[in-house]
A.B. asks: 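Below you will find the structure I want to go over with you.
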Protein chains: 2
Amino acid sequence: MNMVKAEQSGAALNDRAQRLLKALVESYIGDGQPVGSRTLARTAGLELSPATIRNVMADLEDMGFIESPHTSAGRIPTVQGYRLFVDTLLKVQPLNPGLVDALKIGLTRDDNPLSLVEAATQILSGVTSLAGIVTVPKRSSVSLRRIEFLPLADKRALAIMVMNEQEVQNRVIQLDREYSASELQEVANYLNTQFAGKNIRDVRAALLSELDEARKGMNRIMLSAVELGEKAFMAEESGDDDFMVSGQTRLMDYDELADVASLRQLFEAFNQKREILHLLDKCISAEGVQIFIGSESGHQILDHCSVVTAPYSVDDDVVGVLGVIGPTRIAYDRVIPLVDITARLLGAALNPRN
Amino acid sequence: MNMVKAEQSGAALNDRAQRLLKALVESYIGDGQPVGSRTLARTAGLELSPATIRNVMADLEDMGFIESPHTSAGRIPTVQGYRLFVDTLLKVQPLNPGLVDALKIGLTRDDNPLSLVEAATQILSGVTSLAGIVTVPKRSSVSLRRIEFLPLADKRALAIMVMNEQEVQNRVIQLDREYSASELQEVANYLNTQFAGKNIRDVRAALLSELDEARKGMNRIMLSAVELGEKAFMAEESGDDDFMVSGQTRLMDYDELADVASLRQLFEAFNQKREILHLLDKCISAEGVQIFIGSESGHQILDHCSVVTAPYSVDDDVVGVLGVIGPTRIAYDRVIPLVDITARLLGAALNPRN
DNA sequence: GCCTGGCACTCCAGCATACAGAGTGCTAAA
DNA sequence: TTTAGCACTCTGTATGCTGGAGTGCCAGGC
């Protein structure tokens, strides 16, 4: 039984077995019912009797590509079966041009990146009837455009930083003493003339290295500037990763997931975000569409789910990941190109220069 | 049957019947099981036989306070039964002082109102094992502290407005022509000297009335200022109402709600927000804790749920609503004071002057 | 050597039946 | 007015039965 490993058998699979596996997976994806030899004989397009097909199916089961839920219930694909299917048997469907146009309209340039991200999740979820998921874009090359300080009560100040053309960040910082409005103005002026237009990572590095120097000889304004700047930019780098989901409730339509126990797990995973983020993080470095089938994700919560993702980029910089989550029996042939094109369109829509 | 109306019978209920109803509701709230005459005889503390209790229960059923799911299944409270219970039979539990301290720690002043709101939802959900819900606070008296403009490409500019001490709003506005940085600076200066510290509603009104005048005689800067200001503040007033939810998944623990169909409805209601917002909006004008039991909410989706809310205020201005959503069998005696105190503490924590 | 028809076998889903447990309503007696 | 008793109803569970679907295997045919 365990002598026949799935790996070696990939090559050993003859054409007929492959076609049968393909037909079986497609049938199961279509209606979610285990597939028996007779239906397969009818639908596979091979002129074979059910008995012959049973023999082949027994082989496929030995090789670990399919399994039966119980003795007389037909077969369903295993993770390895799906894997072989998407890797070598699947022909992705050409995208419906009308759909592409609709997507373009749904994802046109918008001043607010977050509303674009939300639109993307809703599109993904709506078109696929799965849950759509998009990470909020990392500001890849964050450059400082301008910084301002406003004095607050209790030795605090509000730092307002404009980044990357039109993003605004603000943060309350705790000061070591009271600063007057004009002092803060001077500090801001110094930082703006010194660092405007620079990448924020460089700014921070420069500030850190100047801190020692400043302690010795610099004038008061510059010392304050270095200190306040450091405080303002602190934690600015550590991206506050997050993602958005749409259409979780659609997952309730799939019988495989529709028991309260697994739904609860799944929805808690969406709420806690940690595990999902971890998985998406792994996808950000990959190129193109990536697919995790069932346990492949490595997260127990997603054992009965598949995830299809693609990174999206602005100006060749990967800034986030989007995709869908559903049961393992996803219509991969339609979903893969859709996730792909959505990633491209979202990247394009996020690009500040049109 | 419909001769005996629940309203008139409220008075007609003798002490014994009230005590029995109270015991029945408490028992049902405790374990969610329909309550039979024998368990009631044991727990109610009245020295009565089950047979007598059956007679009383029959009366209560006629009056519409309880009902049985089927012939031999004990009784459960109706909406009217719960209503009588919370209105006249219930003694709210004094809050555990240790709990109050814990709440205070969880809701201490924070620079970010949203993180306070999130903390509040989590506290509500965690302590009650229900779903916690908090609307994001309306900025009740929004006063402009400062406004700045930054030129962008394509005849656009970024308006940055600091409101209410430390809130920052920003918005991209479309200009009718290119403005230089110094022009924008002048415009901002004009607006700042003119309107800093003023309530935003007044600012907008002033801008609108000046618009006509400006068209005629004013200098170019002032005209630009009026126009840009108008654009920046547009839609600033129309509150983008929203709310946060925590612990939705806890609702899956209650058998009454734990079928996929109602869960789906409920979660979709949370996602679409519209209906829930509408309900919460109604609570904002009420004073103190408000309770909707089952169909009382008027939203079909919440037919099997109860909602307990309380508005919260900053400086005597009601700025939002918080509460919990759960099955009808909520432990009202614990939940009501908890919602109440949480509303007070959140209001206090949101108050900018400590 | 591969394909196929046939057959025995297994398992599930659905259905009827039986039965114990819980609870009620009613009646008659205290 | 309260209570004990009793017949009745309904649910949930267990049991057994049956038809349907599907398999595995074997023997015969090409």
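Please read these numbers as outputs of a predicted model, since none were measured by experiment. Sequence lines set the chain letters: A, B, ... in the order given, protein chains first and strands last, and positions in each chain run from 1.
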A.B. asks: Look at the side-chain N and O atoms of A/T52 and state whether any lies under 4.0 Å from the OP1 or OP2 oxygen of C/dT4.
C.D. replies: yes

A.B. asks: What nucleotide, of D/dT23, C/dG23, D/dC10, holds the atom closest to the side chain of B/R38?
C.D. replies: C/dG23

A.B. asks: Among side-chain atoms of B/T121 and B/S246, is any donor-acceptor pair under 3.5 angstrom?
C.D. replies: yes

A.B. asks: Could you please name the option among D/dT9, C/dT4, D/dT23 that lies closest to any side-chain atom of B/T71?
C.D. replies: D/dT9

A.B. asks: Should the pair B/H299 and B/H278 be assigned to parallel (<30°), tilted (30 to 60°) or perpendicular (>60°) ring geometry?
C.D. replies: perpendicular

A.B. asks: Which whole-number value in Å describes the distance from B/H70 NE2 to C/dG25 P?
C.D. replies: 13 Å

A.B. asks: Round to the nearest Å and state the distance from A/R16 atom CZ to C/dC3 atom C1'.
C.D. replies: 8 Å

A.B. asks: Can we say A/E67 and A/R75 salt-bridge, meaning some charged N sits less than 4.0 Å from an Asp/Glu carboxylate O?
C.D. replies: no

A.B. asks: Classify the nucleic acid contact of A/S72 as base, sugar-phosphate or nothing, counting any heavy atom under 4.0 Å across all strands shown.
C.D. replies: base

A.B. asks: Ignoring the backbone of A/S49, work out which of D/dT3, D/dG24, C/dG5 is nearest its side chain.
C.D. replies: C/dG5

A.B. asks: Side chain of B/N55, heavy atoms from C-beta onward: which of D/dT3, C/dG25, C/dG6 has the nearest atom to it?
C.D. replies: D/dT3

A.B. asks: Counting only heavy atoms from other residues, nucleotides and ligands, does the tally under 6.0 Å from CZ of B/R83 exceed 12?
C.D. replies: yes

A.B. asks: May I ask you to evaluate whether A/R75 reaches the phosphate of D/dG24, defined as a side-chain N or O under 4.0 Å from OP1 or OP2?
C.D. replies: yes

A.B. asks: Please report the distance, rounded to the nearest Å, between CG in B/L24 and C1' in C/dT24.
C.D. replies: 14 Å

A.B. asks: Could you tell me how far apart B/L40 (CG) and C/dT24 (C1') are, to the nearest whole angstrom?
C.D. replies: 14 Å

A.B. asks: Pairing donors with acceptors under 3.5 angstrom, does anything connect the side chains of B/Q290 and B/T309?
C.D. replies: no

A.B. asks: For A/I53 and D/dG24, what is the distance between atoms CD1 and P respectively, to the nearest whole Å?
C.D. replies: 13 Å

A.B. asks: When the distance from CD of B/Q33 to C1' of C/dG23 is rounded to whole Å, what number comes out?
C.D. replies: 14 Å

A.B. asks: Please compare B/L48 and A/A58 by the position of their nearest nucleotide in DNA chain D and report the one closer to 5'.
C.D. replies: B/L48

A.B. asks: Just how far, in rounded Å, is C1' of C/dC3 from CZ of A/R54?
C.D. replies: 12 Å

A.B. asks: Just how far, in rounded Å, is C1' of D/dT1 from CG of B/D59?
C.D. replies: 13 Å

